[in-house]
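Worksheet for the structure shown next.
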Amino acid sequence: MHQPWDVHVLPSAPGRTFLITGGNAGIGYFVAEQLAATGARIVLGSRDPRKAEAAMTSIRSYVPGARLHHLPLDLAEPASLKSAVDAWDIDRLDAVVHNAGIALDDPPRRENRHGHELMFATNHLGHFALTGWLAPLLAAAPAGRVVTVGSFAARSERLDPADLQCAHDYRPKRAYGRSKLAQMIFGFELDRRLRAVGSPVRSVVAHPGGALDALTPSRPPVRSRSVGERLRGLPAGLLVQGKDAGAWPLVRAVLDPDVHGGQLWGPGVFGLRGRPRLEPVPPHMADPAVAARLWAASCDLVGVDPGLGLT
């Protein structure tokens, strides 16, 4: 029998390679830092090499000898991802954490250069396309995993298959929640399709709960937290947590041998804070009809094969 999962004593993973998109900041940074302590090779997917270098400097100060690399990735431009992966000198990938994302607070709707709404393009379409380009590397690993990072905000949203990019009645918070919902629906549908073709790769969905900067430990030069910010965040600590703890469900989804494809992992206290636990999948995230329409639309928007390299 396996020992109870301990977020502070992770299993060793020498010889394995993990890619974290957006691993240079926020929750992605702490996923990278925690996984680095297992002895695995950690690859930070980031479009900004200076931010990636700052993150690697910080991680090495906490994990001496950490094996760290940077892979240039711009999730906001899905068409750029194939060339980035093609230039990557690696023969297998044990797990990818689809973490990178943006949230826009300003009311005007923004688009990337291909005319895709920016949050939907970055949070969902970029990861959808990236999965296809990484599929051969994941299949080459003994037990590859795709960990898609969702959000508590997705629970109250519903996808409109006729308006996936929120072209009508655009509201930033709703558009963000729907982009994260699209990610989660994709993660569950991906696992169904992997099972259908007999692939050894598993697709897992995880979310960080409520994770605030004010409750997150400083990691200079990545980010420093002022005393005032820390004090202002203390009352919220009764309900939510820092981004270091928000990383725990994601890390468990990567490492725990008892985690299976199609599962949803999140914090144990009301899904907002605490140690990771298995959660039931909400029905609106597991609707195969909605997932099929999202999958087909995503293939059309980024120009990838509907099989997504899974066979």
Side-chain angles (χ1 to χ4, degrees), residues 21 73 75-82 85 93 95-101 111-112 114-139 144-151 153-155 157-167 174-207 253 260-264 281-311:
T21 69
L73 291 177
L75 275 297
E77 298 292 345
S80 70
L81 300 173
K82 182 180 185 301
V85 174
L93 179 63
V96 57
V97 181
H98 287 331
N99 162 79
E111 296 181 347
N112 68 4
H114 298 287
H116 303 148
E117 192 278 317
L118 196 57
M119 286 189 286
F120 186 73
T122 304
N123 299 352
H124 169 62
L125 290 179
H127 288 116
F128 183 87
L130 182 62
T131 301
W133 307 131
L134 292 175
L137 297 175
L138 290 161
R145 291 191 189 186
V146 178
V147 178
T148 299
V149 181
S151 170
R155 291 183 173 273
E157 297 295 343
R158 298 295 184 272
L159 279 190
D160 180 357
D163 187 25
L164 290 172
Q165 300 191 66
C166 298
R174 184 176 68 177
Y176 171 77
R178 289 183 177 182
S179 73
K180 297 302 290 186
L181 175 58
Q183 272 194 282
M184 297 173 83
I185 291 173
F186 160 68
F188 296 123
E189 176 66 8
L190 176 62
D191 195 72
R192 285 192 290 269
R193 295 186 180 226
L194 288 166
R195 302 287 68 69
V197 298
S199 173
V201 180
R202 297 292 182 262
S203 175
V204 185
V205 179
H207 73 91
H260 300 292
Q263 291 182 338
L264 173 62
V281 179
H284 73 290
M285 296 181 185
D287 185 330
V290 173
R293 294 184 67 178
L294 173 66
W295 191 283
S298 301
C299 288
D300 289 341
L301 288 168
V302 297
V304 299
D305 181 81
L308 210 63
L310 304 179
T311 57

Least distance between heavy atoms, [X] atom then [Y] atom:
X: Ala286; Y: Arg192; answer: O-NH1, 3.8 Å
X: Leu264; Y: His207; answer: CD1-CD2, 4.2 Å
X: Asp191; Y: Ser203; answer: OD1-N, 3.1 Å
X: Cys299; Y: Phe128; answer: SG-CZ, 3.7 Å
X: Arg145; Y: Ala253; answer: NH1-O, 2.7 Å
X: His116; Y: Ala121; answer: CB-CB, 3.9 Å

Q) Which of parallel (below 30°), tilted (30 to 60°) and perpendicular (above 60°) describes Trp295 and Phe186? A)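 Geometry flag for Phe186 against Trp295: tilted rings.
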(Q) With side chain to side chain contact (heavy atoms under 4.5 Å, CB included) as the criterion, how do Arg202 and His260 come out once you've worked through the C-alpha distance, each side chain's angles and the decisive distance to 0.1 Å? (A) CA-CA 7 Å; Arg202 297 292 182 262; His260 300 292; 5.8 Å; no
Q.
Checking the side chain of Lys180 only, and the main-chain atoms of Arg155 only, is there a donor and an acceptor separated by less than 3.5 Å?
A.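 No; judged by distance alone, with no hydrogens or angles, the pair does not exist.
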Q. So, Glu117 side chain and Phe120 main chain: donor-acceptor pair closer than 3.5 Å or not?
A.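 Checking the backbone N and O of Phe120 against the side chain of Glu117, a donor-acceptor pair under 3.5 Å is found.
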Q. Between the side chains of His127 and Thr148, does any donor sit under 3.5 Å from an acceptor?
A.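 There is no such pair between these side chains.
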(Q) Exactly one of Thr131, Thr21, Asn123 should register a side chain to side chain donor-acceptor pair (under 3.5 Å) with His98. Which one does? (A)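 Single pass found, and it is Thr131.
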Atom pair [atom1]/[atom2] of [X] and [Y] - distance to nearest 0.5 Å:
X: Leu301; Y: His114; atom1: CG; atom2: NE2; value: 11.5 Å
X: Asn112; Y: Leu125; atom1: CG; atom2: CG; value: 8.0 Å
X: Met285; Y: Gln183; atom1: CE; atom2: CD; value: 11.0 Å
X: Met119; Y: Gln165; atom1: CE; atom2: CD; value: 11.5 Å
X: Leu194; Y: Glu189; atom1: CG; atom2: CD; value: 10.0 Å
X: Leu130; Y: Leu81; atom1: CG; atom2: CG; value: 5.5 Å

(Q) Within the structure provided, determine whether His124 and Leu294 are in side-chain contact (heavy-atom separation under 4.5 Å). (A)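 In short, these two side chains touch, coming nearer than 4.5 Å.
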Q) Does the side chain of Asp160 come within less than 4.5 Å of Arg178's, by heavy atoms? A)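 Of all side-chain heavy-atom pairs linking Asp160 with Arg178, at least one is under 4.5 Å.
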Q: Could you walk me through whether Arg293 and Leu159 pass side chain to side chain contact (heavy atoms under 4.5 Å, CB included), step by step?
A: CA-CA 10 Å; Arg293 294 184 67 178; Leu159 279 190; over 6 Å; no
